[in-house]
Amino acid sequence: MKKLLALTIALLSISNLYAQTYKVGDFYDVEGKKGVVFEVSEDGKHGTIIALTQPEGIMPWAKAMEYGSRLKDGWYIPSHKELMTLLSVHEVVNERLQEVGEKLTMHPSHFYWSTTEFNRDCVWIVCMLTGSTGGSYKKNPFNVRAVSKF
């Protein structure tokens, strides 16, 4: 039994050494989950991807959160911090998204909802063109995009 456990641990260690590594801008396609990497760990094995799909049009925050609640397989609406990380690399990410389809890019002049509330009535939003960020009333309509960890 001890030999079997030792062999299993050794095999897992070896498989981790050869696991796929990623960098910002890479396509991610593992077990049906597809996206573009916008954040990655130092070892390149873990990170965050932006979805290759998006809902049509703009929507108020409540509807964006409803959309987010219907997502499956680890997809969710990003926090303000995650949107700021995405902002810092959005040009690289948009180049890759454009390879999949023009309509999938994050439009630079659009604001995107986060899940981070500013106060009871407002939520943090981020503009991908100017990098401006601030609180907006939840009733205002903006874009939304799903992300997922890997």
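We use all heavy atoms of the structure for the numbers below, so side chains are in, but hydrogens, waters and symmetry mates are not.
Using a 4.5 Å heavy-atom cutoff, the side chains of K45 and F150 are not in contact.
Closest of all the heavy-atom pairs between M106 and Y112 is CA-OH, 3.3 Å. Among all heavy-atom pairs drawn from L87 and H90, the shortest one is O-ND1, 2.9 Å. Summarising the geometry of A146 relative to L71, their closest heavy-atom pair is CB-CD1, 3.6 Å, with the distance given to 0.1 Å. Of all non-hydrogen atoms in V93 and V37, the two that sit nearest each other are CG2-O, 4.0 Å.
In this structure, R96 contributes its side chain and G25 its backbone to a donor-acceptor pair below 3.5 Å.
Applying the side chain to side chain donor-acceptor pair (under 3.5 Å) rule to pairs touching residues 131-141 yields H80-T133, E117-K138, T130-S132, S136-N140, sequence neighbours excluded. Applying the salt bridge (charged side-chain N to carboxylate O under 4.0 Å, His left out) test to residues at least two apart or on different chains, the pairs with a partner in residues 76-87 are E82-K149. For residues 21-38, the set of pairs meeting the side chain to side chain donor-acceptor pair (under 3.5 Å) definition, not counting sequence neighbours, comprises K23-D26, K33-S148.
Remark: S41 pairs with D43, H46 by the side-chain contact (heavy atoms from CB on, under 4.5 Å) rule, at least two apart or across chains. For Y67, the side-chain hydrogen bond (donor to acceptor under 3.5 Å, both in side chains) criterion is met by no residue, not counting sequence neighbours. For F111, the ring-ring contact (aromatic ring centres under 6.0 Å, His included) criterion is met by F142, not counting sequence neighbours. Partners of E66 by salt bridge (Lys or Arg N to Asp or Glu O under 4.0 Å), not counting sequence neighbours, listed by chain and number: R70. Under the ring-ring contact (aromatic ring centres under 6.0 Å, His included) criterion, H110 pairs with H107, sequence neighbours left out.
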Can you give each donor-acceptor pair under 3.5 Å made by side-chain atoms of residues 118-126, sequence neighbours left out, with the distance rounded to 0.1 Å?
from	atom 1	to	atom 2	distance (Å)
N119	OD1	D121	N	2.8
N119	OD1	C122	N	2.9

Show me the side-chain donor-acceptor pairs of residues 49-63 shorter than 3.5 Å, one per line, residues at least two apart or across chains.
from	atom 1	to	atom 2	distance (Å)
Q54	OE1	R145	NH1	3.0
Q54	NE2	K103	O	2.6
W61	NE1	S114	O	3.0

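In this structure, OG1 on T105 lies 7.0 Å from CG on L97, to the nearest 0.5 angstrom.
If you chain together hydrophobic residues whose side chains sit under 4.5 Å apart, Y76 and L83 fall into the same group.
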